[in-house]
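Reading through the structure tokens given below for one structure.
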Amino acid sequence: MPAPPARKPAAAAKLIAELQNVKMDLLSAQCAADRLRQQFSLREIVALGERQTLERAIASARSLARFFSQLEAEISVESDDPKASFSSSL
């Protein structure tokens, strides 16, 4: 798979900042889910939670899982190809 075209340093800096923001947002969401898990059983969540809210949360989690699985696969491809360099393609 060919490396993406080189980007300007400003674009790389923006990407790094956005990744930091995403990391913090995901950590916050994970903490919220952990609090929910500690306070309520799965049965309580399903029985008492609003169905539409649960369905939307599940859809969001699935979408995130797909996106990060794709990133993980790309990282594996990059690490398997010594000619490909992620940092030089930013």
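Everything quoted here is computed from the prediction, not taken from an experiment.
Judged purely by atom type and a 3.5 angstrom limit, Ser28 has no side-chain atom pairing as donor or acceptor with the backbone of Met24. Side chain of Thr53 to main chain of Gly49: no donor-acceptor pair is present (N/O by atom type, distance under 3.5 Å, no hydrogens or angles). Panel note: side chain Glu44, backbone Ser41; a donor-acceptor pair is recorded below 3.5 Å. A donor-acceptor contact shorter than 3.5 Å is absent between the side chain of Ser63 and the backbone of Ala59.
Follow the hydrophobic side-chain contacts under 4.5 Å out from Leu42 and you never reach Leu48; the two are in separate clusters. Two different hydrophobic clusters hold Leu15 and Val22 under the rule that ILVMFWY side chains link at heavy-atom gaps under 4.5 Å. Put simply, Leu71 and Leu64 are part of the same group of oily side chains (I, L, V, M, F, W, Y) that touch within less than 4.5 Å, one to the next.
Interatomic distance, CD1 of Ile45 versus CG of Leu54, reported as 7.5 Å (0.5 Å rounding). Rounded to the nearest 0.5 angstrom, Glu74 CD and Ser79 OG are separated by 10.0 Å. Atom-to-atom distance recorded for Ile75:CD1 and Gln70:CD is 12.0 Å, nearest 0.5 angstrom.
Salt-bridge formation is not detected for the pair Lys14/Glu18: no Lys NZ or Arg NE/NH1/NH2 atom is positioned less than 4.0 Å from an Asp or Glu carboxylate oxygen.
Looking at Leu26 and Gln30, their side chains never come closer than 4.5 Å, going by heavy atoms from C-beta outward.
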